[in-house]
Protein chains: 2
Amino acid sequence: MQSFTEENYLKVIYHLAQKTTNVQTNAIAEQIQTKPASVTDMLKKLAEKELVDYVKYQGVTLTEKGKQAAVNIVRKHRLWEVFLVDKLNFKWDEVHDVAEELEHIKSVDLIERLDEFLGFPKSDPHGDPIPDKNGTFAKTQFIKLIELKIGESGTITGVSQHSSPFLKYLEKLGLTLGKQIQITDITDFDGSVEISVNDKQINISREVAKHILISNNGKI
Amino acid sequence: MQSFTEENYLKVIYHLAQKTTNVQTNAIAEQIQTKPASVTDMLKKLAEKELVDYVKYQGVTLTEKGKQAAVNIVRKHRLWEVFLVDKLNFKWDEVHDVAEELEHIKSVDLIERLDEFLGFPKSDPHGDPIPDKNGTFAKTQFIKLIELKIGESGTITGVSQHSSPFLKYLEKLGLTLGKQIQITDITDFDGSVEISVNDKQINISREVAKHILISNNGKI
DNA sequence: TTATATTTTTAGGTAAATCTAAAAAAAAAT
DNA sequence: ATTTTTTTTTAGATTTACCTAAAAATATAA
């Protein structure tokens with residue numbers, strides 16, 4: 001079993017490893033809100049426990065054992081987020097911090113029963129996939145909204161930015177999960193995107209469009 | 001805000017204070033599974049924070065601030081127990097350890113929403129009262145089953161022993177919360193009690209009868 | 001009321017996770 | 001190919017919660 005702190009390191013390394021193979025000390029420090037020196041200490045400890053492969057000055061990768069542990073935390077985090085939104089009526093921008101605490105509750109039985117209670121959800125309130133109890137993710141097929149061309153359409157199925165202001169903004173625009181959208185225009189000047197959603201035309205910046213994930217896309 | 005460990009001390013002191021006014025160092029150490037020397041250290045720290053009144057060699061009492069914090073943990077613990085039993089189908093003997101972890105989740109919003117989701121329950125799966133968000137307990141009127149006389153009856157509304165074997169045993173006998181019972185005989189020899197429940201006659205020891213709490217009692 | 005037992009505290013130390021400041025290694029720029 | 005910058009590590013402290021062993025205070029018994 002890992003400590004609360006070790007679990008946080010594993011989770012952060014897991015997420016950072018989606019971008020780069022070898023995860024850097026500084027990147028971890030930034031995520032965990034601590035100093036690089038503290039990270040080095042912890043990496044040694046995790047390597048000792050065979051949860052990461054660590055070579056001085058070369059960054060880390062998770063071992064199979066470390067990856068399993070990390071995926072399990074991700075699973076718990078996302079299931080709790082579903083609980084908070086579906087059952088306790090939290091908004092999708094309010095759940096992160098609470099789930100951050102709940103994800104460390106240890107009982108295996110609890111999480112299996114929670115999964116069942118929630119109806120074995122496949123994704124969390126932000127569209128992120130929930131691994132099953134063996135750590136397997138369902139294959140998901142997303143493209144970024146920014147990649148759609150004029151006339152193309154699709155369904156909003158995720159976001160790649162979880163900050164509260166961003167999520168609140170999308171909510172205000174009516175750009176929530178499950179919504180059907182169509183690209184009606186792309187401005188030459190700054191690349192901002194005009195889309196039709198809820199029978200209305202709205203305009204979003206390229207930056208926003210980058211972080212909206214679309215599935216079932218195609219021409220109409 | 002208190003640390004996880006501080007919260008545990010406050011909770012234990014709160015529970016022990018139901019029996020004696022001045023809570024002793026050794027009693028705390030036993031409950032928390034630690035050494036008396038460690039308890040002394042922590043009592044100094046809690047006194048420093050004005051959560052307890054502590055006089056060397058004289059034991060401790062909670063201050064008003066300390067009591068508030070303790071009652072809040074009790075509230076969270078009991079609400080989570082209701083969640084586990086009512087929503088996740090845990091048995092009443094399985095919930096204690098998990099609730100012990102969940103009670104330390106900090107979000108105030110979470111616990112208010114959970115309370116609402118559960119329908120503002122007034123007692124937990126063992127019949128213990130749940131304080132409201134101001135820390136007020138509803139007045140409860142229990143007597144021990146052992147105090148009933150032959151012919152008297154009542155409703156099982158609580159237990160004063162939470163060990164898993166005890167709870168499992170009661171479950172097997174059908175002595176669960178809400179059940180209507182009547183005393184049909186009390187054995188002279190060892191004081192064991194014959195009761196009628198679910199249209200059957202069963203026999204329990206004095207020791208068991210001491211830990212079953214009855215309300216609405218009276219002659220029939 | 002003195003002796004004995006129990007309870008509690010002090011003193012000094014350990015382990016986990018953090019820190020700052022300085023040194024070392026690696027990467028980038030001239 | 002140096003120099004400069006950035007990244008990472010080491011060394012030595014700090015804080016929290018715990019420990020053991022010994023001393024001190026309190027309670028109990030003779």
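Quick caveat: nothing in here was measured; it's all calculated off a predicted structure. Just so we're on the same page: letters track the sequence lines, and every chain starts at 1.
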Among dT18(C), dT9(D), dC18(D), the nucleotide that comes nearest once only the side chain of Asp41(A) is considered: dT18(C)
If you compare every side-chain N and O of Tyr54(A) against the phosphate oxygens of dT8(D) (OP1, OP2), does one of them come in below 4.0 Å? no
Rounded to whole Å, how long is the line connecting atom CE of Met42(B) with atom P of dT8(C)? 17 Å
Tyr9(A) side-chain N/O to dT18(C) phosphate OP1/OP2 under 4.0 Å: yes
Base, sugar-phosphate or nothing for Phe4(A)? Non-hydrogen atoms, less than 4.0 Å. nothing
Got more than 12 heavy atoms from elsewhere within 6.0 Å of CG, Asp188(A)? no
Would you say His104(A) and Asn8(A) are linked by a side-chain donor-acceptor pair, where the criterion is simply a distance under 3.5 Å? yes
Would you say the ring centers of Tyr14(A) and Tyr9(A) fall short of 6.0 Å from each other? no
Rounded to whole Å, the CD1-C1' distance (Ile28(A) to dT9(D)) equals 14 Å
Closest-nucleotide mapping onto DNA chain C: is Gln58(A) or Gln33(A) further toward the 5' terminus? I mean the 5' end. Gln33(A)
Nearest-Å distance, CD (Glu30(A)) to C1' (dT7(D))? 14 Å
Salt bridge Glu6(B)-Lys49(B), side-chain N to carboxylate O under 4.0 Å: yes
Leu43(B) versus Ile28(B), closest heavy-atom pair with distance: CD2-CD1, 4.1 Å
Can a cation-pi geometry be assigned to Lys87(A) and Phe117(A), taking NZ or CZ under 6.0 Å from the six-membered ring centre and within 45° of the ring axis? yes
Between CG of Leu46(B) and P of dT16(D) the distance, given in whole Å, is 13 Å
Within the structure shown, what part of the strands sits under 4.0 Å from Thr40(B) by heavy-atom distance: base, sugar-phosphate, or nothing? base
Any Lys44(A) side-chain nitrogen or oxygen under 4.0 Å from OP1 or OP2 of dT9(D): no
Rounded to the nearest angstrom, tell me the gap between atom OH in Tyr57(A) and atom P in dT5(D). 19 Å
Residue-level proximity of residues 10-27 of chain A to DNA chain D when a heavy atom falls under 4.0 Å: Gln24(A), Thr25(A), Asn26(A)
So what does Thr34(B) touch, heavy atoms closer than 4.0 Å: a base, only the sugar-phosphate, or nothing? sugar-phosphate
Would Lys91(B) and Glu171(B) pass as an ion pair if we require N to O under 4.0 Å? no
For Lys35(B) and dT8(C), is the shortest distance between a side-chain N/O and OP1 or OP2 below 4.0 Å? no
5'-most contact on DNA chain C: Lys56(A) or Ser38(A), nearest heavy atom basis? Ser38(A)
